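What you are looking at is a predicted structure, and each value in this text was computed from that prediction instead of being measured.
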Amino acid sequence: MKEWLFVGTLFLTLKNIKVYAQGDPMQKQALADLISFLEEKSSRVLEIEKEADIALKQEGQLAFQAKLEEKAEILAALGEKAWKKTEAVGGTLGDEIARKLEQFSMSASTSLRIGSVFFMSALLYPEDHKPGEPNDLQSFIIDLKGRM
């Protein structure tokens, strides 16, 4: 009887691993929730960047800097604000997401700490970025959608 239970437990364990590898529905929902959250933040960042360009032309450097600081503050808080959603994803993917969000947050926090308008404007944009290409946050969201 114990062997059967052991074999039964082993079978159930293997079956659970297989289901998890095919996609745990709770993990998928958690990932979908996180993606939705990140899309909202990404959209807001893009709006702020447009507002910053208008502010620079109409109001000058200080208004431009204020908008970029708003952008950097959103990004600096990204890891913390997404923490519960990231934890809900869990596993290796959750850890990977947490590391990436922390990178975004650290860069933004650094830009705020040193007060560099250039650094703030360059957040999310690699050196070789071309207009029309997704920024780093948009690329990350695209990558996450591919893992659904």
Value rounded to 0.5 Å, distance of OG in Ser139 from CG in Leu124: 10.0 Å
Test item: Glu70 and Arg44 side chains (from C-beta on) under 4.5 Å apart, heavy atoms: yes
Greater than 12 external heavy atoms within 6.0 Å of Leu62's CG: no
With Ala82 via side chain to side chain contact (heavy atoms under 4.5 Å, CB included) - residues at least two apart: Leu34, Phe37, Thr86, Leu101
Straight-line distance of Ile74 CD1 to Glu40 CD, nearest 0.5 Å: 11.5 Å
Contact check, side chains of Leu78 and Leu137, non-hydrogen atoms, under 4.5 Å: yes
Minimum side-chain heavy-atom gap Ile48-Leu68 below 4.5 Å: no
Steps toward side-chain contact (heavy atoms from CB on, under 4.5 Å) verdict (Gln103, Asp136): CA-CA 11 Å; Gln103 288 174 351; Asp136 288 344; over 6 Å; no
Cluster link Val45 to Met120, ILVMFWY, side chain under 4.5 Å: no
Non-neighbouring partners of Arg147 that pass side chain to side chain donor-acceptor pair (under 3.5 Å), sequence neighbours left out: Glu96, Asp143
Residues Glu69 and Gln65: side-chain donor-acceptor under 3.5 angstrom: yes
Gap between atom OG of Ser105 and atom CG of Leu75 - 0.5 Å precision: 7.5 Å
Path from Ile114 to Leu112 over hydrophobic side-chain contacts below 4.5 Å: no
Distance, nearest 0.5 Å, that separates CD1 of Ile141 from CD1 of Ile35: 8.0 Å
4.5 Å side-chain heavy-atom contact, Ser116 and Ser111: no
Considering all heavy atoms, the nearest Trp83-Ala98 contact: CZ3-CB, 4.2 Å
Heavy-atom side-chain proximity of Asn135 to Gln138 below 4.5 angstrom: yes
From CZ (Arg99) to CZ (Phe104), nearest 0.5 Å: 13.5 Å
Pairing of Glu47 and Lys71 as salt bridge, 4.0 angstrom limit: no
Flag if over 12 foreign heavy atoms under 6.0 Å of NZ, Lys100: yes
Same cluster (ILVMFWY, side-chain, under 4.5 Å), Phe118 and Leu123: no
Sidechain-backbone polar pair: Ser109 side chain, Met106 backbone, donor-acceptor under 3.5 Å: no
Spatial distance of atom CG (Leu56) from atom OG (Ser121) [nearest 0.5 Å]: 10.5 Å
N/O donor-acceptor pair under 3.5 Å between Ser36 side chain and Ala32 backbone: no
Any donor-acceptor N or O pair under 3.5 Å, side chains Glu133, Tyr125: no
